[in-house]
Amino acid sequence: MNDKRTRYSVIIPVYNRIGEVRDLLRSLEKQSAGNFEVIIVEDGSTEPCREAVEEAATGGLDVRYFYKENEGRSIARNHGIEKARGDYFIFFDSDCIIPPTYFETLDRELGRHQLDCFGGPDAAHESFSDTQKAINYSMTSFLTTGGIRGGKIQLEKFVPRTFNMGFSRKVYENVGGFREMFSEDIDMSTRIRRAGFAIGLIRSVAVWHKRRMDLKKFLRQVYVFGMSRITLKLLYPDSLKLVHCLPAVSVIGCSLLTALGILVSPWFFAPIAIYFVLIFLCALISTKRIKIAAISVPASAIQLGGYGCGFIKAYFTKIILGRGRDLSEEIEIRKGK
């Protein structure tokens, strides 16, 4: 084992996120355990966060900063891994805030359970905007995503995501780094699992995740998530599960019900209305805020509709039309970060 200070190497790719990086670093300064280093990899930002990193270093945080040309967040993560000194590599998104006992809890849990790769859930911090909290609900509710992001009830085997994910140096030496693609964390987790390494969910090492600031950006994000699911199917034919198809089914079903509601009877709108009333009520119980529950309705519609439309379009172009290797649209959207 390395020196206790560097058991964990926290690797964070950054693209024009000065304020968010400052919040993230401040949360890392407050950790109850100090057995980690932080590696910031600036991926060609036009507004670098070097000043925020220097402030954190002055405050005593073991942090290093690297600037490189813009090539994508996966390549930035791999660059950070090559600079890391730790036994484990921990990945956070730059828009996360880390609870103060994160590494203390992680130490304890890894002592109890020998995991080669692990991940934790994400949640909304009290300081986040109502829109961010509503988006968080739509991404974590069993009613919208089937609990696949670490919910207590899950329709799919847990897959760590890079907003809160870690794996050992041994995993990297055997499997390699991230591929530059959307859903690169799902691809990485699949490769790790297929290599025979143990993967687990550690519920007690959650992070606060800001996600998108508005619904328009959220729509663009989930649309590409839907497209990338088909890319993953082409890479791993057995990876596509029923839960991944449900948003596409909901889009087709809602379209059919809407057409019937207009052409035949308004009663055909009833199933859609009942579902969104259920979303509102569950969000209200969960968040205890009427405004957040109200925003959760369009956020959930965007989550399902955006993902479903991306899924349908990618299925048509990549599988039916045979353009499976065409990643041009995903790449163009990704350039917009």
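Quick note: numbers below take in every heavy atom, side chains included, and nothing from hydrogens, waters or symmetry partners.
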> Less than 4.5 Å apart, any side-chain heavy atom of Pro13 and any of His79?
Replying inline: no
>> Pairing donors with acceptors under 3.5 angstrom, does anything connect the side chains of Ser138 and Ser300?
In response: no
>> Just verifying a value: how many Å separate Glu20 CD and Asp95 CG, rounded to the nearest 0.5 Å?
In response: 5.0 Å
> Quick one: which of Phe163, Tyr8, Phe167, Phe118 gives a ring pair (Phe, Tyr, Trp, His ring centres under 6.0 Å) with Phe91?
Replying inline: Phe167
> Is the shortest side-chain N to carboxylate O distance from Arg112 to Glu109 below 4.0 Å?
Replying inline: yes
> Should Val63 and Phe66 be regarded as members of a common hydrophobic cluster, given that ILVMFWY residues are connected when their side-chain heavy atoms come within less than 4.5 Å of each other, either directly or indirectly?
Replying inline: no
> Side chains of Thr101 and Glu104: do they bring a donor and an acceptor to under 3.5 Å?
Replying inline: no
> Does Gln132 reach the main-chain N or O of Lys210 with its side chain, forming a donor-acceptor pair under 3.5 Å?
Replying inline: yes
> Taking His113 for the side chain and Leu110 for the main chain, is one N or O donor matched with an acceptor at less than 3.5 Å?
Replying inline: no
> Do Asp107 and Arg7 sit within salt-bridge range, that is, some charged N less than 4.0 Å from a carboxylate O?
Replying inline: yes
> Quick check: does any side chain N or O of Gln31 sit under 3.5 Å from a backbone N or O of Tyr102, one acting as donor and the other as acceptor?
Replying inline: yes
> Are Ile40 and Phe103 connected, step by step, through hydrophobic side chains (Ile, Leu, Val, Met, Phe, Trp, Tyr) whose heavy atoms are closer than 4.5 Å?
Replying inline: yes
> Would a distance-only check, ignoring hydrogens and angles, find a side-chain to backbone donor-acceptor pair under 3.5 Å from Ser9 to Gly86?
Replying inline: yes
>> So Val159 and Asp185, do their side chains get closer than 4.5 Å, heavy atoms only?
In response: no
> Under 3.5 Å, side chain of Asn78 to main-chain N/O of Phe178, donor-acceptor pair present?
Replying inline: yes
> Do Tyr137 and Leu143 touch side chain to side chain, with heavy atoms closer than 4.5 Å?
Replying inline: yes
> If we only count heavy atoms from C-beta on, is the Ile12 to Val21 side-chain gap below 4.5 Å?
Replying inline: no
> What is the distance from atom CZ of Arg191 to atom CG of Leu235, rounded to the nearest 0.5 Å?
Replying inline: 10.0 Å
>> Is there a path of hydrophobic side-chain contacts, each under 4.5 Å between heavy atoms, that joins Phe36 and Val205?
In response: yes
>> Quick check: do Leu28 and Leu61 have side-chain heavy atoms less than 4.5 Å from each other?
In response: yes
> Would a distance-only check, ignoring hydrogens and angles, find a side-chain to backbone donor-acceptor pair under 3.5 Å from Ser189 to Ile186?
Replying inline: no
>> I'd like to know if the side chain of Glu180 reaches the main chain of Ser74, judged simply by a donor and an acceptor atom lying under 3.5 Å from each other, with no hydrogens or angles considered.
In response: yes
> Measuring from Leu24:CG to Ser94:OG, what's the distance to the nearest 0.5 Å?
Replying inline: 7.5 Å
> Going by atom types only, do His209 and Asn136 share a side-chain donor-acceptor pair under 3.5 Å?
Replying inline: no
> Hey, is the main chain of Glu126 close enough, under 3.5 Å, to the side chain of Lys133 for a donor-acceptor pair?
Replying inline: yes
> Does any N or O in the side chain of Asp43 come within less than 3.5 Å of the main-chain N or O of Glu71, such that one atom is a donor and the other an acceptor?
Replying inline: yes
> Is the closest side-chain donor-acceptor distance between Asn16 and Thr46 under 3.5 Å?
Replying inline: yes
> Is Ile192 close to Ile199 at the side-chain level, that is, under 4.5 Å between some pair of heavy atoms?
Replying inline: yes
> Salt-bridged, Lys291 to Asp130, with N to O below 4.0 Å?
Replying inline: yes
>> Looking at Glu37 and Arg85, would you say the former's side chain and the latter's main chain have a donor-acceptor pair under 3.5 Å?
In response: yes
> Rounded to the nearest 0.5 Å, how far apart are CZ of Arg77 and CD of Glu82?
Replying inline: 15.5 Å
